[in-house]
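Below is one structure, written out as structure tokens; the observations come after it.
Note that the structure is a prediction, hence the values are computed from the model and not measured.
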Amino acid sequence: MAEKSTVQKPALGEWGVNLSSMDTSVKPGDDFYSYVNGHWLAQAKIPADRTSTGAFQDLQILSEKRMITLVKALQKKPYTKLSVEEKKLQHFFDDFVDLAAIDNKGLKPVEKDLHWLLSLKTHSDIATAMGTPGRSTDSLFSTYIDADAKNSNAYVMNVSQNGLGMPDRDYYLRDDKNLAAVRKSYQKHLNAMLELVGEKNAAVRAKAIFDLETQIAKVSWPAAERREADKTYNPMNFVQLEKYAPGFPWATFFEAQGLKAQAKKGDRLVIVNEKSAFPALAKIFKDTSPSVWRDWLIVHYLESMSSYLPKRYDDATFDFYGKVLGGQEQQLDRTTRGVYQLNRRLGHPFAKLYVARYFPPASKSKAEAIIANLLKAYDTDIQQIPWMTEETRKKALDKLHAFTPHIGYPDRWRDYSGLKIVKDDLVGNVHRSDIFEWQYQLNRIDQPTDRNEWMMTPSTVNAYYTQSFNAIFFPAAILQAPFFDPNAYDAVNYGGIGAVIGHEISHGFDDQGSKYDGAGLLKSWWTDKDRKAFEQRTNALVTQYNSYEALPGMSVNGQLTLGENIGDLSGVAIALKAYHLSHQGKQEIKLNGFSGDQRFFLSWGQVWQSLYRESEIRKRILSDPHSPARFRVNGIVRNIDEWYTAFDVKPDSKEYVAIKDRVKLW
């Protein structure tokens with residue numbers, strides 16, 4: 001197979017990597033990330049309305065521009081020529097960007113909701129408000145409907161800890177001067193939100209809300225622990241949950257959501273996630289005055305609705321969540337925010353337009369070919385893993401062979417005919433959208449699962465794996481340079497989208513995905529010996545990542561990021577094998593002095609080209625299961641033997657890891 005399959009010029013450089021981004025004064029073995037991206041990093045500037053810049057953000061901006069183009073095309077089209085779905089898209093967008101109309105209406109569109117919230121007097125009233133869909137209220141417990149981890153053919157309600165206004169419990173509890181400053185800013189924000197609606201004694205009431213959330217934080221599970229699939233699977237019926245976590249009106253809460261205690265085949269079960277936290281959270285609910293809960297609901301209602309309210313509410317929410325937590329200097333422009341609203345609330349009708357215009361069949365077919373090669377490489381690799389017994393190996397291969405890939409967009413679009421969008425009723429459209437989405441989820445709880453359903457829209461720059469369906473999904477928007485370019489050389493595509501595909505496949509075999517079998521069931525299929533051998537290796541990876549300092553005094557959480565780090569390490573290793581398999585062992589030509597393997601690793605370094613604001617890094621370290629970009633590159637290549645050979649990395653190099661200490665998984 002010839003390495004390049006086309007004579008058209010790639011989007012980046014002569015063969016798919018932008019060599020001008022490199023800093024060749026840096027030795028690859030000392031800091032590979034800076035070697036690949038150093039010149040770019042020295043010149044990069046984060047736009048005022050962004051928390052970061054780089055490869056991912058560039059693709060996101062491209063996707064935004066494309067969505068805006070689609071909206072402008074609708075606006076130019078005669079209204080009588082628009083389809084029913086296109087009219088819904090246009091009405092929602094036009095109302096969202098009409099700031100003059102929003103400001104002129106003031107709080108009138110939400111007066112009914114605010115009066116309702118102010119009228120809440122009892123704990124039962126509060127629980128009803130927390131459970132009511134379509135009113136944009138928050139809740140101490142969040143609920144979502146998903147495939148049952150132990151019966152992937154059925155949907156089940158999951159109940160999880162919630163209640164925090166900041167991203168993670170550490171924002172309330174960690175002894176850190178920067179976080180202490182964030183806490184002060186948050187209290188000011190709570191005060192400002194209460195003052196905006198004319199509430200008296202706002203400072204005292206804001207402090208009560210903050211103290212309440214601090215109590216919640218103290219009993220909440222850490223983010224790393226919430227990843228544990230077996231620990232977060234705790235089925236209970238309504239009576240059992242009420243006995244286990246008394247103090248919270250569970251029946252009232254579920255009734256407000258439309259969930260009945262009886263299912264078709266007996267008692268309705270819900271899956272309690274952070275089980276040991278629930279009694280303490282329920283006690284906090286009972287011991288806290290309804291008046292404090294009422295203020296808590298009002299503040300978080302205003303935050304969730306701020307984008308649809310006059311500018312002062314929108315600005316007050318952005319001042320904390322955008323400026324303080326993310327470091328943004330200004331908001332995204334209203335047009336860009338508007339297309340994100342369409343992507344969120346009318347995802348499939350909007351996606352149809354996106355796919356028709358921006359995702360050619362040729363891209364899909366080439367991506368499918370790369371996936372096929374990745375699966376072949378995994379098959380070969382699993383058969384040769386030295387630490388795995390034959391009993392586990394067979395089941396691992398069975399799981400691999402059951403993988404289902406999805407490329408670009410859904411095979412079947414959802415029906416949005418039941419969603420009523422009315423011109424000049426933005427808040428009403430938002431509420432109806434929330435109810436429509438919840439009802440869609442609720443209606444299928446006793447129905448067979450849809451194993452082909454997408455959780456992302458085609459315009460999303462991302463990819464994911466679903467454990468219960470053993471399936472991988474790659475939206476159209478990520479199938480572009482630098483991740484994927486039909487005109488780039490093979491090594492570049494395998495180092496980019498190939499490694500991303502390998503990453504997602506690896507989630508089926510990471511520390512949590514490996515607890516699910518090929519049918520998507522949460523059950524043990526490993527021998528004790530194999531599980532122990534695997535955990536010895538993953539523990540070594542945790543130790544490596546714990547040593548990486550992202551900010552002064554703040555290191556990566558190796559346990560929180562373990563699944564994603566496994567995905568990166570396995571994905572790169574398998575993508576490299578797939579690249580070699582695709583060439584059937586033939587020696588590839590050098591380009592600009594770089595061999596095929598070197599181009600592969602340069603591509604991996606290029607896709608994580610990123611620069612973040614400090615506050616954004618802090619937020620990610622505390623709450624994001626992904627490691628910062630630099631460590632997604634350096635932390636991975638230093639464990640791969642071929643990288644040492646490709647760049648002649650010696651023991652005196654800063655990133656050198658002795659062969660016996662390199663982590664090798666799949």
Side-chain angles (χ1 to χ4, degrees), residues 17 19 21-42 44 54-55 482 491-492 494-496 499-500 502-503 506 537-552 554-558 561-562 564-577 579 593-612 617 620-621 626-666:
V17 170
L19 300 181
S21 293
M22 298 177 66
D23 182 354
T24 54
S25 69
V26 178
K27 293 181 180 180
D30 287 345
D31 182 354
F32 190 67
Y33 184 76
S34 292
Y35 171 72
V36 178
N37 301 302
H39 185 67
W40 177 87
L41 286 167
V492 176
Y494 276 95
V500 173
H503 172 110
S506 295
R537 288 161 172 77
T538 59
N539 288 340
L541 198 62
V542 170
T543 300
Q544 283 188 8
Y545 274 82
N546 281 340
S547 70
Y548 301 149
E549 190 176 62
L551 292 173
M554 185 171 284
S555 296
V556 176
N557 184 335
T561 58
L562 178 58
E564 299 300 330
N565 297 335
I566 291 172
D568 284 344
L569 177 56
S570 303
V572 171
I574 296 298
L576 184 59
K577 291 179 182 179
Y579 168 58
F594 293 104
S595 68
D597 279 10
Q598 287 177 320
R599 295 195 296 275
F600 173 92
F601 288 112
L602 290 176
S603 179
W604 176 248
Q606 177 178 254
V607 300
W608 298 113
Q609 184 180 89
S610 304
L611 182 65
Y612 293 96
I617 295 175
R620 288 172 180 247
I621 288 296
H626 300 83
S627 297
R630 177 178 297 276
F631 307 120
R632 297 192 75 166
V633 177
N634 290 350
I636 298 306
V637 297
R638 66 201 302 259
N639 285 299
I640 297 179
D641 295 342
E642 291 88 345
W643 174 72
Y644 289 84
T645 303
F647 292 96
D648 194 27
V649 178
K650 302 299 185 184
D652 61 349
S653 298
K654 294 179 181 177
E655 292 294 340
Y656 185 88
V657 175
I659 294 176
K660 66 180 179 63
D661 295 325
R662 295 172 196 169
V663 179
K664 300 183 186 303
L665 298 169
W666 303 99

Main chain of [Y], side chain of [X]: is a donor-acceptor contact present, judged purely on distance under 3.5 Å?
{"X": "Gln609", "Y": "Asn37", "value": "no"}
{"X": "Ser603", "Y": "Arg599", "value": "no"}
{"X": "Asn546", "Y": "Asn557", "value": "no"}
{"X": "Ser653", "Y": "Lys650", "value": "yes"}
{"X": "Asn639", "Y": "Arg662", "value": "no"}
{"X": "Tyr656", "Y": "Asp30", "value": "no"}

Stepwise side chain to side chain contact (heavy atoms under 4.5 Å, CB included) test for Val36 and Phe601: CA-CA 9 Å; Val36 178; Phe601 288 112; over 6 Å; no
Stepwise side chain to side chain contact (heavy atoms under 4.5 Å, CB included) test for Ser21 and His39: CA-CA 5 Å; Ser21 293; His39 185 67; 5.5 Å; no
Qualifying residues under side-chain contact (heavy atoms from CB on, under 4.5 Å), relative to Thr538, sequence neighbours excluded: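 For Thr538, the residues satisfying side-chain contact (heavy atoms from CB on, under 4.5 Å) (neighbours in sequence not counted) are Phe534, Glu535, Leu562, Ile566, Leu665.
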Looking at every heavy atom in both [X] and [Y], which two are closest together, and how far apart are they?
{"X": "Ala646", "Y": "Gln598", "result": "O-NE2, 2.9 Å"}
{"X": "Gly596", "Y": "Tyr579", "result": "CA-OH, 3.5 Å"}
{"X": "Val572", "Y": "Ile640", "result": "CG1-CD1, 3.3 Å"}
{"X": "Leu611", "Y": "Ala44", "result": "CD2-O, 3.7 Å"}
{"X": "Gly496", "Y": "Val607", "result": "CA-CG1, 4.0 Å"}

Using atom types as modelled, flag every donor-acceptor pair under 3.5 Å from a side chain in residues 627-638 to any protein atom, sequence neighbours excluded.
residue: Ser627; atom: OG; partner: Asn565; partner atom: OD1; Å: 2.8
residue: Arg630; atom: NH1; partner: Asp31; partner atom: OD1; Å: 3.1
residue: Arg630; atom: NH1; partner: Asp31; partner atom: OD2; Å: 2.8
residue: Arg630; atom: NH1; partner: Ser34; partner atom: OG; Å: 3.1
residue: Arg632; atom: NE; partner: Asp568; partner atom: OD2; Å: 2.8
residue: Arg632; atom: NH2; partner: Asp568; partner atom: OD1; Å: 2.9
residue: Arg632; atom: NH2; partner: Asp568; partner atom: OD2; Å: 3.4
residue: Asn634; atom: OD1; partner: Phe32; partner atom: N; Å: 3.2
residue: Asn634; atom: OD1; partner: Tyr33; partner atom: N; Å: 2.8
residue: Asn634; atom: ND2; partner: Asp31; partner atom: OD1; Å: 2.9
residue: Arg638; atom: NE; partner: Glu655; partner atom: O; Å: 3.3
residue: Arg638; atom: NE; partner: Glu655; partner atom: OE1; Å: 2.9
residue: Arg638; atom: NH1; partner: Tyr548; partner atom: OH; Å: 3.0

Exceeds 12 heavy-atom contacts within 6.0 angstrom, atom NZ of Lys664: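 Yes, NZ of Lys664 has more than 12 neighbouring heavy atoms, counting only those of other groups under 6.0 Å.
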To the nearest 0.5 Å, what is the distance between [atom1] on [X] and [atom2] on [Y]?
{"X": "Leu602", "Y": "Met22", "atom1": "CG", "atom2": "CE", "answer": "5.0 Å"}
{"X": "Asp23", "Y": "Tyr35", "atom1": "CG", "atom2": "OH", "answer": "10.0 Å"}
{"X": "Leu569", "Y": "Arg537", "atom1": "CG", "atom2": "CZ", "answer": "11.5 Å"}
{"X": "Lys577", "Y": "Glu642", "atom1": "NZ", "atom2": "CD", "answer": "7.5 Å"}
{"X": "Phe647", "Y": "Phe594", "atom1": "CZ", "atom2": "CZ", "answer": "7.0 Å"}

No-hydrogen, no-angle side-chain donor-acceptor test under 3.5 Å, Asp597 and Ser595: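 Result is no, nothing qualifies.
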Whether Trp608 and Trp604 hold their rings parallel, tilted or perpendicular, with breakpoints at 30° and 60°: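 Ring orientation of Trp608 relative to Trp604: perpendicular.
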